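Please read the structure below before turning to the comments.
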There are 2 protein chains.
Amino acid sequence: MPRIAGQIDLAKGEAILDAAIQVLSERGLSASMEEIARRARVSKQTIYNHYGSKAELIAALVDRRVADITAPLEMPGADEHPEEALASYARIMLRALVNPRASALMRLYIQGATEAPDVARAVFEAGPKASRARLAAFLARETAAGRLAVDDPAQAAEFFGGMVAGTYQLSELLGVDRGLTEPQIDHIAAEAARRFLRAYGV
Amino acid sequence: MPRIAGQIDLAKGEAILDAAIQVLSERGLSASMEEIARRARVSKQTIYNHYGSKAELIAALVDRRVADITAPLEMPGADEHPEEALASYARIMLRALVNPRASALMRLYIQGATEAPDVARAVFEAGPKASRARLAAFLARETAAGRLAVDDPAQAAEFFGGMVAGTYQLSELLGVDRGLTEPQIDHIAAEAARRFLRAYGV
DNA sequence: TGTTTTTTGGACCCTCGGGTCTAGTTTTCG
DNA sequence: CGAAAACTAGACCCGAGGGTCCAAAAAACA
């Protein structure tokens, strides 16, 4: 965030963040401030006017993008049939996770895990952990309503999350895949939901 | 690998690789050659006698460690009951993947995915991909024998792999967890195998 | 033992990149 | 319009690190 409330151009601050996210995604943590400045069509000094250092710039960037991760985690509506709710949850997850942009960011967090463990932890808790917790709560609710038979909701949630995202996400992180098409997403989501229901149905 | 067959000390080459793997795991791709030399109790020049550059050193290191990834992927024996075979497969996978050393290496590959895509691809194909392929073949065999009802073995294998490794691996990559204890591994493996059998049983 | 090769440690070169400084221009606002 | 604050372009400082060089010590080998 801009350090002073004076006449600083807020829009430039945003442009810098946008450029930073681009360049860092492409080049990793070792991206240079010069290239970020060039991409943002801004002088290097201006970056230092807005964010005091490279570390602060990255922190600001993470703060802003954590919201993007957290957003698509909304729980499936409790009124649907559990199978459809699970499939819809899976679709949301796949769309959010298995694409080049999300993977580039995730790679960034992983890269920083050693130097800035608190950042990585925050991302983990705002992302996967929160997501699984909501899913677990949903599973517990459905079990109480007699529509599912889940004895350990937390573990079941991890299983389902892993089924859906596991391999695809790893291959994306290694840069092997080119993302999934919408029909592929539909198919995986539907199939995962169907199998999960067989495994945990009443 | 050592470049000349002369009087070069082969053991030193190994010591260098060992040190390199340690330091790179801790510090990431940006680890300095000086620290590797220090850790290997060797002069920097000696490293350059054995491996021409930092890139070559890392390539040699990856070559040697790919074997370690591939090793523990042996398929469960076909004579066991499928549930026990799956549980054993899951245990092997968890032990191999969810520990600080393996995660540090995987982080390295992910970090290099942008600069050296071929390396990342090789790791992926020698590791997860080969593992899933063997599991899929096993599932197909068991289905042919009438002990399972798997219509799409490749997808089922990804589901099982994801269930077992998915979340735990991601949290390790982000440096959040401290690995799993042996009883935890047993429990997860057994439960995953049990649920998978309910989902895909005859 | 003498020759050849390797190893060592440390100085050294050079590039890259974070961060600062400056001088001049543009913007904002009273 | 005039003053204060921001912005720009680019030079600049400095530390880090890849890679090379060198003279002396240590092995290896015949």
Side-chain angles (χ1 to χ4, degrees), chain A residues 1-62 107-108 111-112 114-116 119, chain B residues 1-62 107-108 111-112 114-116 119:
Chain A
M1 43 341 235
R3 345 189 64 193
I4 333 175
Q7 303 175 9
I8 281 197
D9 188 343
L10 270 300
K12 268 197 210 308
E14 291 300 304
I16 292 171
L17 273 193
D18 285 340
I21 210 170
Q22 275 182 35
V23 177
L24 285 165
S25 301
E26 290 167 20
R27 302 245 190 276
L29 241 27
S30 65
S32 84
M33 295 294 269
E34 249 143 30
E35 182 162 359
I36 294 174
R38 214 178 308 135
R39 193 82 63 103
R41 299 174 178 291
V42 144
S43 84
K44 211 163 62 153
Q45 182 61 51
T46 301
I47 298 188
Y48 285 93
N49 282 351
H50 286 250
Y51 313 90
S53 68
K54 192 178 185 180
E56 276 181 53
L57 172 61
I58 290 176
L61 182 158
V62 169
R107 238 177 265 146
L108 215 60
Q111 212 176 128
T114 8
E115 300 139 40
V119 170
Chain B
M1 44 336 233
R3 344 191 65 192
I4 334 175
Q7 303 175 6
I8 282 197
D9 188 343
L10 270 300
K12 266 195 211 310
E14 291 300 304
I16 292 171
L17 274 192
D18 285 340
I21 211 170
Q22 274 183 35
V23 177
L24 285 165
S25 301
E26 290 167 19
R27 303 244 190 274
L29 241 28
S30 64
S32 84
M33 295 294 269
E34 250 142 31
E35 182 162 0
I36 294 174
R38 214 178 308 135
R39 192 82 63 102
R41 299 176 178 289
V42 142
S43 86
K44 210 164 61 154
Q45 181 62 49
T46 301
I47 297 188
Y48 285 93
N49 282 351
H50 285 251
Y51 312 90
S53 68
K54 191 179 184 178
E56 276 181 52
L57 172 62
I58 290 175
L61 182 158
V62 169
R107 238 178 265 146
L108 214 60
Q111 213 177 129
T114 5
E115 300 138 40
V119 170

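Order of the sequence lines sets the chain letters (A, B, ...), proteins ahead of strands, with each chain counted from 1. Just so you know, these numbers come straight off a predicted model, no measurement behind them.
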Heavy-atom protein contacts under 4.0 Å, nucleotides 18-25 of chain D, coded B base, S sugar-phosphate only, - none:
SBBB----
Heavy-atom check, side chain of A:N49 versus side chain of A:K12, under 4.5 Å:
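In short, these two side chains do not touch, never coming nearer than 4.5 Å.
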Give the angle between the helix axes at the two ends of the helix from C:dT1-D:dA30 to C:dG30-D:dC1, taking five base pairs at each end and rounding to 10°.
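Its terminal axes enclose an angle near 20°.
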For B:S53, enumerate each residue passing the side-chain contact (heavy atoms from CB on, under 4.5 Å) test, keeping only those at least two apart in sequence or located in another chain.
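B:S53 satisfies side-chain contact (heavy atoms from CB on, under 4.5 Å) with B:A55, B:E56 only.
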By side-chain contact (heavy atoms from CB on, under 4.5 Å) - contacts of B:I36 (at least two apart)
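Checked B:I36 against side-chain contact (heavy atoms from CB on, under 4.5 Å); matches are B:A19, B:A20, B:V23, B:M33, B:I47, B:L57.
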Not counting sequence neighbours, which residues clear side chain to side chain donor-acceptor pair (under 3.5 Å) with [X]? List them please.
X     : value
A:Q22 : A:R39
B:K44 : B:E34
B:S43 : B:T46

Presence of A:H50 side-chain N/O under 4.0 Å of D:dA6 phosphate oxygens OP1/OP2
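Answer no for this pair, as no side-chain N or O of A:H50 is under 4.0 Å from OP1 or OP2.
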Applying salt bridge (Lys or Arg N to Asp or Glu O under 4.0 Å), name anything that partners A:R27, two or more places apart in sequence or on another chain.
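If we apply the salt bridge (Lys or Arg N to Asp or Glu O under 4.0 Å) test to A:R27, skipping adjacent residues, the hits are A:E35.
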Spacing of A:L61 atom CG and A:I16 atom CD1 [to the nearest 0.5 Å]
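It comes to 12.0 Å.
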Output the rounded distance in Å from CG (B:N49) to P (D:dA27).
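Taking CG of B:N49 and P of D:dA27, I get 16 Å after rounding.
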By a strict heavy-atom criterion of less than 4.0 Å, which residues belonging to residues 36-43 of chain A are in contact with DNA chain D?
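Those residues whose heavy atoms fall under 4.0 Å from DNA chain D, taken from residues 36-43 of chain A in numerical order, are A:R41, A:V42, A:S43.
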For a quick test of reading the model, state the closest non-hydrogen atom pair linking A:K54 to A:L29 and the distance between them.
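Closest heavy-atom pair between A:K54 and A:L29: NZ-O, 3.1 Å.
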Under 3.5 Å: donor-acceptor pair, side chain of A:Q111, backbone of A:G28
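The answer is no, because no donor-acceptor pair under 3.5 Å joins these two groups.
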